[in-house]
Structure formats: structure tokens, C-alpha cells
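Both backbone and side-chain heavy atoms feed into the values below; hydrogens, waters and symmetry mates do not. Per chain, numbering begins at 1; letters A, B, ... match sequence-line order.
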Amino acid sequence: MVMVLALPAVAFAQDEPTIADLSLAVDTVWVLIAAVLVIFMQAGFAMLEVGFSRMKNVGSVVAKILVNLAIAALLFWAVGFAFAFGDGNALIGTQGFFLNATPDNVNDVFAGLAWTQVPLSAKYLFQVAFCGVSLAIVWGTMLERTKFAVYVIFAVVFAGLIYPMVGHWIWGGGWLGSLEMQDFAGSTVVHLSGAMAALAGTLILGPRIGKYDDEGNPQTIPGHNMPLAVLGVLILWVGWFGFNPGSTMAAIPDIADIALTTNLAAAAGVIGAMVMSYVRRGNVDVGMGGNGAIAALVAITAGCAFVAPWASIVIGFIAGIIMYATLEFVDKIGVDDPLGAIAAHGMGGIWGTLSLGLFTTPDLAVIGQPGLLYGGGFTQLGVQIVGVIAAGGFVFITSLAVFAILKATIGLRVKPEQELNGLDISEHGVYGYAGQIIATDDRQNGNGQYAAGPQEKVRAEDVS
Amino acid sequence: MVMVLALPAVAFAQDEPTIADLSLAVDTVWVLIAAVLVIFMQAGFAMLEVGFSRMKNVGSVVAKILVNLAIAALLFWAVGFAFAFGDGNALIGTQGFFLNATPDNVNDVFAGLAWTQVPLSAKYLFQVAFCGVSLAIVWGTMLERTKFAVYVIFAVVFAGLIYPMVGHWIWGGGWLGSLEMQDFAGSTVVHLSGAMAALAGTLILGPRIGKYDDEGNPQTIPGHNMPLAVLGVLILWVGWFGFNPGSTMAAIPDIADIALTTNLAAAAGVIGAMVMSYVRRGNVDVGMGGNGAIAALVAITAGCAFVAPWASIVIGFIAGIIMYATLEFVDKIGVDDPLGAIAAHGMGGIWGTLSLGLFTTPDLAVIGQPGLLYGGGFTQLGVQIVGVIAAGGFVFITSLAVFAILKATIGLRVKPEQELNGLDISEHGVYGYAGQIIATDDRQNGNGQYAAGPQEKVRAEDVS
Amino acid sequence: MVMVLALPAVAFAQDEPTIADLSLAVDTVWVLIAAVLVIFMQAGFAMLEVGFSRMKNVGSVVAKILVNLAIAALLFWAVGFAFAFGDGNALIGTQGFFLNATPDNVNDVFAGLAWTQVPLSAKYLFQVAFCGVSLAIVWGTMLERTKFAVYVIFAVVFAGLIYPMVGHWIWGGGWLGSLEMQDFAGSTVVHLSGAMAALAGTLILGPRIGKYDDEGNPQTIPGHNMPLAVLGVLILWVGWFGFNPGSTMAAIPDIADIALTTNLAAAAGVIGAMVMSYVRRGNVDVGMGGNGAIAALVAITAGCAFVAPWASIVIGFIAGIIMYATLEFVDKIGVDDPLGAIAAHGMGGIWGTLSLGLFTTPDLAVIGQPGLLYGGGFTQLGVQIVGVIAAGGFVFITSLAVFAILKATIGLRVKPEQELNGLDISEHGVYGYAGQIIATDDRQNGNGQYAAGPQEKVRAEDVS
């Protein structure tokens, strides 16, 4: 077991610490706080998903967040962290299950993270928080119609195997890292992975009832609570100051530079998406502003430590525009993505991973090559493209397989009347908004939201 | 007064700091951040209590949070901190009122906290945050029917005297500490104390109108907002990374180990409670998942620094199960506990305090004994049992006395029509949900919630 | 460009750091975390404004928060930070646009912040967070009737020029700093500035429809969601632990002392406002408690590093009372301030700035004079008065001019029917509370809130 430092229970009377002690202390404090910020992002995703859902499904949303966070914590501890960062081969780690290491061999067992001196427990906490973020992204496309059991089972596979393998390839000693693919804080590892699983899920699941009319035209199903959605965005924005600067896993002054590029990109992403909204629709859509921030934060994640501030603005602004265009496109071709996960995390992740092949400055190109714009040539960009295709394709195909198996066995989707009445009743026995939703019941065709067709006229059961 | 370091207003131009300066700096940063995380838990309790209340009472909930936080801050500064950590006798501290100490005598005046080098102001902030948490727990059983004046008066007594005395016994140089009782971050001091006062309160107060039918069968009064309740749980979860690791009151690498056991326990608690929900009711109850996390976090609080990661999972999982069973039992015997405070903080606190007598590893048993499972014998477990009985019994009896006096004088409970119309109107003059609640008014028997009997047909007053 | 430290992408293998390295590391960690806490305050303002708005306008509130945060980040990076902290003359900085500096000249270019050793990016992040807070305060008076374009344009001017100039005068090397005016964390720079722009805005804009009856008597328009409003207050309270202690911009033990005065003041402010509420109205108003905390936090901001704990309680308590009285007065004379920004941030800011002229202790009066109560004479108090008049007057006049120009050109205010239907529909195309608001529609005169007169009977458009 890991916990080997003796911890005096009442008296922490310390001898004068050495410089090495202090260096370890400040690094540990920083990484732990960064991990806490990233774990707090679960509250951000919860509020974002709640805000973009209809009232009848909000209890299911938050139940899923809690259970997924729990599953990720346990599975990543038992096997995921070992698969990702344990010593092994080019595809997967094969050592360190249950964080099993001693102080003497910990840097051999977890060779993929030997470069940071913080305790193994801190390495795990920071990385499991990332795994939880990736898992949360998956469900952005699958809201309001998925069986709760599917959330549970896929979480086990994703947090226990799929995500860790991608992590190993790029960060843990695997083949993409050997090719010198760069992905500083996980535009591909975390965000594209989540989005590709999300894409696989919604393709197999199909759109929500009422999302497309009889001619196949997309209908707007507005989220019921923009204040909570934006609260979610702001929590994510704040959490990203753990996500990106924390990926140094050391308390070095560069963390402030990384926070700077992160913040500028997010700001530019809001503007990019809002401009698109104004141009395309003549108003300023709230949800688009939020998704613009997220897409930009996703995009700057790969290159936040490698690009200049002006470039972070360009990356973020373009991310906001790409997000908007993708959202429109996806909607039109019949892919129902309530939260915009494919647009924000998927296309944002791809754009971000490629962008560092364009914008990495010579100064900051420590392992990879300077970007194309600085005369670094196409090599790095090519590697980035390979990485996006390999990692994205791997997650998409494996997720597609898992969802197909689930569909063929337990089924992915609740019954139509359950979907119409809301998942809260069928899956959790009570509305998440007990009290409110009954009042609006018969006026709103039994589901706390606009009518989307005659089949929605099913009335909610008494919830006592 | 404490504030003795000269603080240059414009120019903080520093000489090269010494190692001692840096050690103090990093410890202070860590403890301050941990205190902030614990203070943030007030937002968690606010959202949790709001979510589990009915719409007509939510303004009262948050008003109480604000006033209680204020009272705790002021009372604990004036007297509570001195009673808890001031030098004194086995029962209570007798020095250091108003944080009165000089740099020369601070470690004599506050001998109970002399083991940490951080400034007195940091010690106070971290400890007052704990006091505020304990006080917040008290009201979990007393929602939706208590007079606002009771919140104010009991807060003065609890934050000023009851809580500090328990703190002194275990952490401040008192008799339970002398017996080598172990309670690292306060399963007993903070959580069991709050829960025993909560139990005393609800016993004197009686259940909410409509909670039991004429035959005494418990009725479900569902909380009105699960998204906010789970937001509260997630804020508490995040805040616990200040609560447990911060209790080192020093920036040592062990903080990451403590965060690890804390996180694993919480995850296991969610699973434990969800499994119970599925077994007992056939669905996955949202509120139970949240309470499972909280019960597990409470339980790991005592032993987080002393047990192995696998043991933290066992402790958390069992806490989730115990919480569920307790909640059912308490409900059945006629004790109305809207938030589950007795189950989560009370039984979670007892189980946690005892669990370290089972699971403490020999490596981490610095002052106490290794746990029973490691061959440490029954001594430590026996001491833990004594501590639970003594501390829990003391809080229960003193709280019972205070609530009884309040009942005999100003009265504990609002009038039935006030309870039916909601505390927001009678105690605060306006609905916390002005606008929403009027709309649903006549359909929902005047209180924004299910009818629970004919006596609830009272109509809400105009709120202008 | 700033980002000059080479950042190894995969391996951060560090040599043994020096004491200077560690000192820089811990300072950077502290300032970055403090900046994150202050940026998180945007979520606090969002929830506060949402809570005090009516349901029909909440989408507009949060859209404005996102766009303003984005504008502040970009404008303050491009020009604002240079105007504020760049070397220049007594009125404005003239160097350092786009954070342009090298490691060699950074302390010359940004002479106003040369006293802290943290990286330029950290200085910027902390200061831009302050700018964002000041900007958020502006809109507290202008909710529920302002055109979205006004938010955008004024944000550019305020974040790009007005706020930076005040910052330069007091903190950046300008004339008020030369007079030794003291404003530790910005009672005047941040809060009074925001409040004076808010006052200018509401004077030109006029009150909301229905706020005053035909005889000019003020009508209560209660905010729709006190739980979210108090969540906002608690987030602000927590954020203030970055705001005030972070203003040291160094990890020194004094940060805990500053956090102590900050917390005590906030607590006393809640009590002060609640006592006023009880005396004046016979009940305990939720919103007042929250505004009492904010007013007190604003007031202690100027002197948090200079006054004793007992004085912070006096300052906070008086701030709560002043806030209440101001709110009543402002309401009566026909100034519509939905959030209480003039009372909390304006009068709180003035009182706080002056209070340090009374309460600064001799020990802590490093640059300025001890307070009047310690025999320091009237000099410091006089300088503080000059500062309040100069800074407040400057912001008021320039803001008045900008708003007047906007009124004469694009117009400040939405059309009456847009105001009645809610800004969400007219400015953003969909309700922020889609689903809820339709249900309560015809019962509540089409706007999810109390009727305020026959003209409110306009029905909301279909929002599909």
C-alpha cells in the first residue's frame, strides 16, 4: 500500500524542513488543489446537463453524475490508473493495480508519471478527476432517454478500460507518446475521447421523441434552466484553472502562463459563438455563449503550455465558431446532441489538438516541433492528425461495440411512455422537481415541457 | 491582538526568505485554502437543505444559513475558540477569549493547537469553519417548522459553548484526548455532535404536519429540487478535501493520502446507498445516493489519516448501507428527519469513530493503537466507544435541555397555519420563490407541494 | 511576449530548486488560487442577479455575465492592464499594451506592480478578475430593462478605460497613490467604481415598469429565487478570501490575518442588516441578510490589512446598517436598484474607504497614517475623502456621459412590451426558464411574475 508516511495524529511538530521537503510540499499542495478544482467540474457538468434537460428528467441527470463519479473513482483506482500509467507495452499498462507500489519501486511501476515528484495518491487523484470529466462528456448526447443501467455499465468499461488505454497511448508511455504527439492537458485524451463515445452512443440510441418532425426537420427542445446551465459553465471555467495549469503537476511559475492562455481562449470562445449566434439568428443565444466558452477551453487544453497569448485568442475564437457550425450541422443530419458534446468537446478537441501544430512557439516546443506558423514544418501537425484519428477512432469503435452489445442485451433506451413521462419517475421513483412539475402537469402534456406531438399526451403518474 | 506582522501596504518587497519563512508560508497557504473549502461547505448545506425542503420554506432555509454562519463566526471568535483550544482543565479551555494572545504566549494560551505553526488567525479560521459545519448539521432534522428565533438562540449556545466543549475534550487538551481517543478530522467532534443536537431538536419539536397519517404511517414528503440537492452534495464532497486533508494543519505530502481515502470512501458510500435503494425499492433514489456520499464522508473523517485505501472503501460502503437502514428505521419510529441528518451524520459519525479501532494500520497508528484487524486489540476500540458515548451523550442532553427551555419560553414551533403556508411568508415576509409559488398556488393547496391532508388546504396570503 | 520559461511537455524533471525558486513557486500558487477564487465570484454575481430578477429575465442575466467576463478578459489584456499598471503619468499608464514586456524590462514597464515577484501572467489574472467584479457591479441597478448591446458597449469602455484609470490613480502609480491614499483591496477602486457607474446607469435608464405606482410610491418587485441569491452571496463570501488576502500578491502569513478581518466583518454585516430588518419590518428579510454580508465585505476591503479584528466587526456591522438605510432611501427617492448595488457596493465602498482613516492601527500603518481613533489625526481621513470624491466622481461623470451617448444613439432601454414579456424572449429568443414559464403564463400576466399594472397583460409569444 501506498500510504507509508507516518502521520502523527495529534502532534505534527516538524523538524526544520529541507529544501527538498518544501519543494515536495508546495508541489503536493498545488496538485491537490488542482485536482479538487477538476473534481468540482462534476458540479459544472451536473448543472450544465440539468439546465439543458427538461424538468421531467433532472433527477436522473444528477443521480447519474453521482453514480458515475463513484464508479470512476473506484474503477480507476482498481485497474484504470494501472492501465493508463502503469509500466507495460505500447498499448496498455500492466502493473500497479490497486495503486500497488512501494516508495522504492513507485517510479518503475508507474513509469508514465515518474516525471513528477508528488505522492502517488496525488497523481491518482489528479488523473481520476480527468477520467471523471471524460466520462461526464459521454452522456451529453444521451440525455433524457437512456436507461440508468446503461450509465452504470458503460461507466465501468469506459473508466476501467477505454479511457485508460487512450491515456496510456499518449501520456502513459504508449505509442502515440513515442511518436511525440503533444496533448498537454487532454484535448484528445479527455475531451475527444468523451465526445467520440458520445457520438457512438447517440447514433445507436437515436434522437429523443419529438426532436424531429415527420419530415425529419429538427425541432428545438430548449433546456429548461439557463441560469443553472451558465452556473455550470462558470464552474467548468473555474475548474479548468485546475485542469490546464495543474497538468504541470508541479508548482512552477509556468502555471500562471497556462492559466492566462486558458482564460483568454475561453473569453474568445464566448465572443466567437455569440457573433455566430447574432449573425445566424439575430440574437444572442445564452446556451451558445456557454458552449462557446467550453469549446474554446477544450481547444486550448492541448496547447495551453505551448502557444502565445495572442494565439490562444485565435484558437478560442475559432473554436467558438466551429462549435456553432458543428452544432447546426449535427442537428440537421439527424444526430440529437442535447448538450452539444460533439460540437464542443469533439470538434473543439480535434481543433485544439491540431492547433498546436500551427501555433507552438519555438521557445515552448520542448519535445515536439514548433508550429507551422513558426516554420516548424508539417511533421508535428502530421503526428497530431495521426493521434486524433487513432485515439478518436479507437474510442468510437470500442464504444460503438459496447453500446451495440448493451442494446442487444438489456436495451439502451427506456420505453416511449417512460421517456414521455420523464426518467425521474420511471428510473428513480420521484420527480427531481417534485412539487413544481405536478402543478404544470396537465397544461404541459405531462412532462413539464412543450408538446412535441400527440404521442406526448401521456399523463404523469401520481408520484406519491 | 494577534495581527502583529507589519504589512507594507504598497510594497511587499521581500528580503530573501529563509527556509523557516517558506515553511510557514506554504503551511499558511494550505490551511487558509482548506478553511475556505470548509467554509464553502455552507453553500453545500444550503443547497442540500433547499433541495430537500418544499418550495414554501426555501427562503427560511437560506436565511438561517446566513445568520448561523454569522453567529458562529462571531461567537467562536469571542468565546468558543477559547473554550475549545484555550489552555484550561480537562473539561473546558479558560484562556484566549477574543483570540487574545501575543506571539510570545500564543502557544501557551492555545496549547491545544500549539502543534501547528500557522498563525493564530489561520487556526481560528479553520476551526470556526468546522464549528459552522457542526451547527449546520443540527438543523437537518428541524426544517420546515422551526421558529427563526430558535435558530438564532440555539446557534449562540451551540457555537459558543456546546460544540467548543466537545472540541476541547477530544482536540483541545481535554479528558478524551488524554485517553488517546482518535478522531482525526471530527466524525465525533463535528458530525456526531451536530447530529445529536439534531436528534434532541426533532424529538422535542415533533414531526411536520402531514408526515404521519392518522395511523402513524410515515408519508413521503419529497424534497422539491434534486438538482440543487445534488449540487449541495458535490459542494460538500469538494469541501471535504479541505475538511480532512486540511486537518493536518500543515502542508505535508500526507494530505494527498488523506484526500485519497476521503474520495474512495465517498465513492463507496454512493454505491452502498444505491445498492440498498435498488434492493429495497427497485429503483435508484437520487437523494439516497447523495446521503450515501455524505454518510461515507462523515465516516471516513475520523480515520482518514490512519487507514489504508481498501479499508476506506469498506468504511464508506458500510456507511452507505447503515445510513439507508437508519433512515428507514428512524422514519418508521416516528422521528421526522427531512435531511437524513441522524442517519448520515449521526450513525455515519459513530461508525466512523469506531471504524478506526478496526482498521488503523500499524504504520499509521502514531498515537493510538493499531486496529483490531491488525492485531491491535480492543483497547483503542474501547476508547472510541467511550468517546462516542460521552461526547454524543453530552451534546444530546445539553441540547435537549436548551430546546426544552426554548419550548417552555418562546416556543420552538411556528403555528400550524404558518407551517402550512410556509415559513417564508410568516418569518420572512415573502416567498423565497416569489413568482413561481403563486402560480402553482390554488392547484397545490397553497404551499407549492403535495397535499398531505385536508388541513393543508389553507391558502397562501397575498405576498405583496 | 511573456511566456518565456521553457516548459518541458512530458518531463518536468527538476533540479533541486533554490530558495528563490521555492519562494516564487509558493507566491505564484497563492496568487493564482486567489485569482481563481475572484473569478469564481462571477458565478456569485450571476446567481445573485438571477435570484433578484423575475423569471422572464434570467436568461438575459446569465448571457450578460458570460459576455462581460469575456470582454473584460480581452480588453483588459489588450489595453486595460497597461492603462492601469503600465508606467505612465499621474493619470494613466502608457506602456505594456497586450502585456508586452520582457523578463528584463517587466518591472519598468509595469512599475505599478513591480513590488510583487509573481509572473506577469499572474499579475494580470488577479487584476483582470478584479476588473470583472467591478464591471459586474455596474449592472446591479440596470437589470430587467437594458438592451443587450448596451451591456456589450459599456463593458468595452469600462473594462478598457474607466476602471483602469481609477486603478492607475490609486494602485498603478497615479496621483491618489502619491497622496498616500490607502485602499488595500479596492473598496473604492473596485466597488465604488462599479456602484457609481451603476448609479449613472439607472438615473438615465429610469425605473422598471411597475416599480412605482401612479403616485410614485415604490412597489416591491421581489426577486424570484432566494436560494440562488444566497448561493450567490455564499460564493461571493468565499471568493472574497481570494479578493482580500490575495491582494498581498505574496504568500505571507498575513493572508490569514486578512482573511480573519474579512470573515468577521461579513458576519457582523449579516447581523447588522438583519437587526435593521427586524426593527423596521418585524421580520428577517433574506435578501437583506445577503446584502448585509456583501456591504460589509465591501467595506472591509479597503482596510482589511490595517485594522484589528474588533474593528472589522464594527466596520461590518455599521456597513450592514448603512446598506439597509441607503436601500430604503434610494427606493423612496425614485431610484430603482434591483440588486442594491448602490447601497451595498456604493455606500459600503465609501464607508470602508473612510473607515481605515478611523481604525488603522499604528502597527499596521506602514505607509499611511494610524487611524483617528489611535491618535493618527485627520490627515489620512482627509486623503481618503479626497480619494472617494475624486474616484467616485470621475466614474460617475464618465459613465453618465457614455450612457447618455448610448441613449442618444442606439437607445438604452428595450421597448415596453419587450420589458413586459421579458428580455429573454426579445434579446435571446427563448426563455431562460423554458418549460416553467409557459405553464404559469396566462395566470401570471405573461411574464412569470406578479402583475404590476394593466399594461403588463401582454402575453408572451410562443417561444418555439
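The shortest side-chain heavy-atom distance between A/W30 and C/I33 falls under the 4.5 Å cut-off. Side-chain contact between C/V58 and A/N225 is absent, with no heavy-atom pair separated by less than 4.5 Å. In this structure the side chain of A/V233 never reaches within 4.5 angstrom of the side chain of C/V62, judged on heavy atoms. Contact check for A/L264 versus C/Y124: side-chain heavy atoms found under the 4.5 Å cut-off. By the 4.5 Å heavy-atom criterion applied to side chains, C/L125 and A/N263 are counted as neighbours.
The line from CD of C/E16 to CD1 of A/I19 is 5.5 Å long, rounded to the nearest 0.5 Å. Taken to the nearest 0.5 Å, the CG atom of C/L22 stands 6.0 Å off from the CG atom of A/L22. Rounding to the nearest 0.5 Å gives a distance of 11.0 Å between CG of C/D21 and CD1 of A/I252. Between atom CG of residue A/L228 and atom CG of residue C/L228 there is a gap of 6.0 Å, rounded to the nearest 0.5 Å. Atom CD1 of C/I235 sits about 6.5 Å away from atom CD1 of A/I235, to the nearest 0.5 Å. Taking CZ from C/F40 and CG from A/L37, the interatomic distance works out to 9.5 Å, rounded to the nearest 0.5 Å.
Options A/V284, A/L113, A/I255 differ in how many heavy-atom pairs under 4.5 Å they form with chain C, and the most are formed by A/V284. Note on C/L66, C/V128, C/T28: by heavy-atom pairs under 4.5 Å with chain A, the leading option is C/L66. Of the listed residues (A/A267, A/S277, A/A20), the greatest number of heavy-atom pairs within a distance under 4.5 Å of chain C belongs to A/A267.
In plain terms, the two heavy atoms of C/L32 and A/P245 that are nearest each other are CD2-CB, 4.3 Å. Across all their heavy atoms, A/D285 and C/H428 have their closest contact at OD1-O, 4.2 Å. Residue C/G432 comes nearest to A/P227 through the heavy atom pair O-CD, 3.9 Å, listed as atom of the first residue, atom of the second, then distance. Scanning both residues, C/A43 and A/L234, for their nearest heavy atoms gives CA-CD1, 3.6 Å. Listed here is the closest heavy atom pair of C/G59 and A/V286: O-CG2, 3.4 Å.
Proximity to chain C is limited to the side chain of A/I313, based on heavy atoms less than 4.5 angstrom apart.
More than 12 heavy atoms of other residues, nucleotides or ligands lie within 6.0 Å of CZ in A/R281, so this atom counts as buried by the packing criterion.
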Can you list the steps and then say if C/V50 with A/L231 is a side chain to side chain contact (heavy atoms under 4.5 Å, CB included)?
CA-CA 11 Å; C/V50 162; A/L231 175 61; over 6 Å; no
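Ring centroids of C/F148 and A/Y278 are separated by 6.0 Å or more, keeping the two rings apart.
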